[in-house]
Amino acid sequence: MFSPVESRRLYRQVADQIRLMIASGELAVGQRLPAERDLAEQLSVSRPTVREALIVLEVEGLVNIRMGSGIYVVRQHAATVTGAEREPVEGPFELLQARALIECAIAEEAAGRAKPDDIALLDEALTRMGGVVNDAIAVLDADRAFHTGIAAIVGNATLIRVTGEMFDMRMTPYFARLASHFEGPTTWRSALDEHRAIRDAIAAGDAAGAKAAMRAHLTMSQKRFSESFGEEFSGEEERGRNKRPSKGTAKT
């Protein structure tokens, strides 16, 4: 088995495959790519993997994702990518999975240690978040304060640093582009409710409840990013697709 250092992440390999299809002219400029689920089936990967690969290609300027319409080729060769825009080692979904593993344990521990002053700081972050759901930068800053605030309750400097660093890993062009398609005031209001559930469990000293609430929140975060780009077939096209022979269980 290859280690993460020895092998490219799967979504990068998928981006390479689609990039080659574009460079070779198999996918021409102006052409709409196959639907996300068709690409996943064709390349034998999951739809989230395809989604991450398409975000890479959008940042490179090769494709344009039009929500509700599809993904279109806009140029044959990638634009020059600066050092700050180079692909991260981890994809967004891998990052969210790691956060779930670590931050659930932190929330569980915090529930047994929280003092009134700690809860007041969490409340301050939630109040800020509620007032800036229309501001993508400000709401992320408040979100970060909430999550690092929970780690601060535990009082371990390494956990505080790791929590902050994991959160900051989403501040890349790739994650920002993904978020631009799936985050907005409505999703942030849902996230705010999830944060309040975490806060309430910690304030009540409910360790199991805090862990479960954090897991529910980060699971929902993954689900929000797992929505399709809205380019699925519809109408006559969908009815024609439904007449095709079944190829077995589809990947999701």
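Along the sequence shown, residues carry numbers from 1.
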Original post:
Please walk me through it: do R144 and D168 pass side-chain contact (heavy atoms from CB on, under 4.5 Å)?
Top reply: CA-CA 8 Å; R144 187 185 193 280; D168 292 342; 2.7 Å; yes
Original post:
Run the side-chain contact (heavy atoms from CB on, under 4.5 Å) check on I106 and N156 step by step: do they pass?
Top reply: CA-CA 10 Å; I106 292 174; N156 183 290; over 6 Å; no
**OP:** Please step through side-chain contact (heavy atoms from CB on, under 4.5 Å) for the pair R128 and D141, ending with a clear verdict.
**Re:** CA-CA 9 Å; R128 277 202 292 139; D141 184 61; 3.1 Å; yes
**OP:** Could you give me the CA-CA distance, side-chain angles and deciding distance for E103 and I150, then say whether side-chain contact (heavy atoms from CB on, under 4.5 Å) is met?
**Re:** CA-CA 9 Å; E103 293 192 52; I150 294 173; over 6 Å; no
Original post:
Could you go step by step and tell me if S46 and T49 meet the side chain to side chain donor-acceptor pair (under 3.5 Å) rule?
Top reply: CA-CA 5 Å; S46 69; T49 297; 3.0 Å; yes
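The two atoms that bring A110 and I153 nearest to each other are O-CG2, 3.6 Å, heavy atoms only. When all heavy atoms of A107 and A210 are compared, the closest pair comes out as O-CB, 3.5 Å. Residues E108 and A207 share a closest heavy-atom pair of O-CB, 3.5 Å. Minimum interatomic distance between G209 and A201 (heavy atoms only, all atoms of both residues): C-CB, 3.6 Å. Between A114 and I202, the shortest heavy-atom contact is CB-CG2, 3.6 Å. Considering all non-hydrogen atoms of both residues, Y72 and G30 come closest at CD2-O, 3.8 Å.
Using a distance-only test at 3.5 Å, with no hydrogens or angles considered, no donor-acceptor pair links the side chain of T219 to the main chain of A216. Judged by distance alone, with hydrogens and angles left aside, the side-chain atoms of E58 form a donor-acceptor pair with the main-chain N or O of I65 at under 3.5 Å.
Distance check, rounded to the nearest 0.5 Å: CZ of R196 to CE of M129 gives 9.5 Å. For the atom pair I137 CD1 and L140 CG, the distance stands at 8.5 Å (nearest 0.5 Å). With rounding to the nearest 0.5 angstrom, the OG1 atom of T163 is 12.0 Å from the CZ atom of F146. Once rounded to the nearest 0.5 Å, the distance linking CG of L54 with CG of L62 reads 11.0 Å. Atom CD of residue E124 and atom OG1 of residue T127 lie 8.0 Å apart, to the nearest 0.5 angstrom. For the atom pair CD1 of I71 and CG of L39, the computed distance is 7.5 Å after rounding to the nearest 0.5 Å.
Ion pairing of K115 with D118 is absent here, as no side-chain N (NZ or NE/NH1/NH2) approaches a carboxylate O to less than 4.0 Å. Taking the charged nitrogens against the carboxylate oxygens, R170 and E183 do have a contact shorter than 4.0 Å, which makes a salt bridge. A salt bridge does not link E41 with R37: every distance from a Lys NZ or Arg NE/NH1/NH2 to an Asp or Glu carboxylate oxygen is 4.0 Å or more.
M21 is connected to V59 through a chain of hydrophobic side-chain contacts under 4.5 Å among Ile, Leu, Val, Met, Phe, Trp and Tyr, so both are in one cluster. Connection of L192 to F182 is established within a shared hydrophobic cluster, with ILVMFWY side chains joined at heavy-atom distances below 4.5 Å, either directly or through further cluster members. Residue V74 is not grouped with residue L33 when hydrophobic side chains (ILVMFWY) are merged at heavy-atom distances under 4.5 angstrom, including chains of intermediate members. Side-chain heavy atoms closer than 4.5 Å link hydrophobic residues (I, L, V, M, F, W, Y) into clusters, and following such links, possibly through other members, connects I102 to V154. With hydrophobic clusters built from ILVMFWY side chains whose heavy atoms lie under 4.5 angstrom apart, V29 shares a cluster with I18.
A side chain to side chain contact (heavy atoms under 4.5 Å, CB included) with R19 is found for one member of V63, V56, L27 and no other, namely V56. The residue from R215, R189, R224 that alone fulfils the salt bridge (charged side-chain N to carboxylate O under 4.0 Å, His left out) condition with E194 is R224. When the options E109, H217, M214, R99 are evaluated for a side chain to side chain contact (heavy atoms under 4.5 Å, CB included) with C104, the one that passes is M214.
Between H195 and H147, the two ring planes are perpendicular [angle over 60°; tilted spans 30° to 60°].
Within the 4.5 Å cutoff, side-chain heavy atoms of L57 are placed close to those of E60. Counting heavy atoms from C-beta outward, I55 and Y11 have side chains that stay 4.5 Å or more apart. Between L122 and I198, the closest side-chain pair of non-hydrogen atoms is not below 4.5 Å.
Environment of CG in L101: crowded, with over 12 heavy atoms of neighbouring residues, nucleotides or ligands closer than 6.0 Å.
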